[in-house]
Amino acid sequence: MTDTYFRLADALESSYKPDSVEIDSCMYCHHVVKTSDHDSECGLHSGIDLELSEQPQNLRNVVNLVIALHRMKKTQKVQSTEFTDDELCNIFLENLVEEYVTPTVHERTHKAADHYNYKGPVQKCYICDEFQKSLVLNKSFTTELQAITLQGNNLSRRVELELSTYKASVPRERGQPIALGVGGNLYLSCTSTSGKPVLGLEMVNKEDLNNISGDMERFLFIKTVSGQTLTSFESAKFEGHYISTSYTNRQRVDMCLTQDAPNRLTSFKMIVL
């Protein structure tokens, strides 16, 4: 078989010229690397041996080698043509190894199979919005509450809320999960109507609310206290939707998206009984 010769100097740019360091010219021009049918070794210089294998290398490896040689000429101050194994390893690591950093993001998924256990006790209270409107059960529609300004004897119309507290299986970053009863077995719930979360009232046995998960999560709200006196109630099932009242008197109490919704009040004052 005809011997094949490869001249390393031919792989470098034609304009490349060695620096004026003291290094034997045989390292880049005079020595020819010979390959044959069997693995062989050829001494490029005393102290440096190049071992060739029959297994072909891809073009990427050749390019990396050429780039490394260029960088070595520019960055390494050569005192001698003989390098120790550690020196050669450091040179190639500095010139060839690329570092890839893959960030790991830990993010809590809100719907990650949460369940809630009742821990009590029940707290009774009244609540009113920032305009001093109280929550009143609408006698015409027993499935909704209204926010109405009450005075004098009419204060007796206020709904007495029963707050039941729960412990979440997955700890929450903020707020306390609660259920809001309005007397008997009637509880506030947040359900979806035509793709929009709405606030309503549903009849449910208290025993069915001891352990809550899945669709029953509609009965839960996240109570968050801001400052010392204002409290907000966010739906546990529809994150980002809050119990709210209208600026206008005698309007339905409903859900709204975000706490900054125009013409809606989402902060309430609690009067504990």
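The NZ atom of Lys167 lies 11.0 Å from the CD atom of Gln176; values are rounded to the nearest 0.5 Å. Summarising the geometry, atom CE belonging to Met255 is positioned 7.5 Å from atom OG belonging to Ser244; distances are rounded to the nearest 0.5 Å. Here NZ of Lys223 is found 10.5 Å from OG of Ser232. Values are rounded to the nearest 0.5 Å. Here Ser235 contributes atom OG and Leu199 contributes atom CG; the two are 9.0 Å apart, rounded to the nearest 0.5 Å. The structure places CG of Leu180 at 9.5 Å from CG of Leu145, a figure rounded to the nearest 0.5 Å. With rounding to the nearest 0.5 angstrom, the CG atom of Leu230 is 10.5 Å from the CG atom of Asp129.
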Listing, residues 147-158 side-chain donor-acceptor contacts under 3.5 Å, not counting sequence neighbours, or none:
| unit_1 | atom_1 | unit_2 | atom_2 | d |
| --- | --- | --- | --- | --- |
| Ser156 | OG | Asn153 | O | 2.9 |
| Arg158 | NE | Leu155 | O | 3.0 |

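Under a 3.5 Å cut-off, the side chain of Thr165 and the backbone N or O of Gly120 do form a donor-acceptor pair. A donor-acceptor pair under 3.5 Å is formed between the side chain of Glu234 and the backbone N or O of Gly240.
Between Tyr166 and Tyr118, the ring planes are perpendicular. Angles over 60° get that label, and only those under 30° would be called parallel.
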Please report the C-alpha distance between Val182 and Leu135 in whole Å, then the side-chain angles of each, then the deciding distance to 0.1 Å, and finally whether the side-chain contact (heavy atoms from CB on, under 4.5 Å) criterion is met.
CA-CA 10 Å; Val182 297; Leu135 304 190; over 6 Å; no
Carefully, step by step, assess Ser192 and Phe238 under the rule side-chain contact (heavy atoms from CB on, under 4.5 Å).
CA-CA 9 Å; Ser192 178; Phe238 299 96; 3.7 Å; yes
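Nearest heavy-atom pair across Leu137 and Val159 is N-CG2, 3.4 Å.
For the side chain to side chain contact (heavy atoms under 4.5 Å, CB included) test with Val204, the passing option among Asn185, Leu186, Leu209 is Leu209; the others fail.
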